[in-house]
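Everything below concerns the one structure shown next.
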Amino acid sequence: MNRDELFNALTKLEKQLNSANESFESLKELTVALVEENVALKLENDNLQRFIQGPKEEEPKKNNKVLQSKDNLAMLYAEGFHICPTDLFGKHRGGGDCIFCLSLLSDKE
């Protein structure tokens, strides 16, 4: 294999790798969008199930709503999404913790 053939083979491989990387990034963005939609649908489903079942007589109404909200936020955070009241709300955290989200979850109501 001469230099020109080697260079052409490397150029072809580089183009294939770039194409695969672009495909991977596209699939990653689609996956994040699908996960976000799935979490939103799960929350909506849970809320509809609670609405259908009606309020439970044993639980106080006011505290129940606060707990449900906190539980929903905690679930979203556990799924990997920001819940802090910033422009990041609803965006994927990328695996790291957010001190603003954590402070919101630790607030006592």
Side-chain angles (χ1 to χ4, degrees):
M1 186 179 265
N2 65 28
R3 286 185 295 182
D4 289 336
E5 290 173 341
L6 181 61
F7 181 73
N8 288 338
L10 284 173
T11 303
K12 182 180 177 182
L13 180 61
E14 181 183 22
K15 287 180 183 177
Q16 290 173 341
L17 287 173
N18 286 337
S19 176
N21 191 38
E22 288 173 6
S23 296
F24 179 76
E25 287 297 320
S26 175
L27 285 173
K28 188 168 82 171
E29 289 173 8
L30 179 61
T31 301
V32 168
L34 288 173
V35 167
E36 289 173 349
E37 181 182 12
N38 189 34
V39 169
L41 290 172
K42 282 182 180 179
L43 286 173
E44 185 176 353
N45 188 31
D46 289 345
N47 288 335
L48 287 172
Q49 289 295 329
R50 282 191 210 110
F51 180 75
I52 290 170
Q53 292 173 358
K56 297 180 182 176
E57 293 178 20
E58 301 170 1
E59 301 173 8
K61 258 189 171 178
K62 184 178 178 184
N63 290 339
N64 189 25
K65 284 189 178 186
V66 171
L67 290 177
Q68 286 178 0
S69 298
K70 286 276 189 177
D71 290 344
N72 288 341
L73 289 174
M75 185 182 80
L76 280 173
Y77 186 78
E79 291 284 333
F81 297 97
H82 281 280
I83 58 167
C84 54
T86 65
D87 59 334
L88 296 174
F89 181 82
K91 303 258 192 271
H92 200 269
R93 289 185 289 118
D97 285 329
C98 172
I99 59 171
F100 301 112
C101 294
L102 291 173
S103 68
L104 181 69
L105 286 175
S106 67
D107 285 345
K108 305 290 182 202
E109 299 264 344

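- For Ser26 (side chain) and Glu22 (main-chain N/O), no donor-acceptor pair under 3.5 Å exists by modelled atom type.
- Closest non-hydrogen pair, Cys84 versus Cys101, comes out as N-SG, 3.4 Å.
- For Glu5, the CD atom counts as densely surrounded, since its 6.0 Å shell holds more than 12 non-hydrogen atoms of other residues, nucleotides or ligands.
- Other cluster members for Leu30: Leu34, joined by side-chain heavy-atom distances under 4.5 Å among Ile, Leu, Val, Met, Phe, Trp and Tyr.
- You'll find the side chain of Lys12 stays beyond 4.5 Å of the side chain of Asn8, heavy atoms only.
- In this structure, the separation between CZ on Phe24 and OG1 on Thr31 is 8.5 Å, given to the nearest 0.5 Å.
- Separating the CG atom in Leu41 from the CG atom in Asp46 is a distance of 11.0 Å, to the nearest 0.5 Å.
- Remark: Arg3 CZ to Leu10 CG distance equals 13.5 Å, nearest 0.5 Å.
- Residues Phe100 and Leu104 are members of separate hydrophobic clusters, defined by side-chain heavy-atom contacts under 4.5 angstrom among Ile, Leu, Val, Met, Phe, Trp and Tyr.
- Taking each heavy atom of His82 and Leu88 in turn, the nearest pair found is CB-O, 3.2 Å.
- Taken from CG in Leu73 to CZ in Phe89, the straight-line distance is 6.5 Å, to the nearest 0.5 Å.
- A side-chain donor-acceptor contact under 3.5 Å links Thr11 to the backbone of Phe7.
- Atom CG in Leu43 sits 11.0 Å away from atom CG in Leu48 (nearest 0.5 Å).
- For Phe81 and His92, the distance between ring centers is under 6.0 angstrom.
- If you take CG on Asn18 and CG on Leu13, they are separated by 9.5 Å, rounding to the nearest 0.5 Å.
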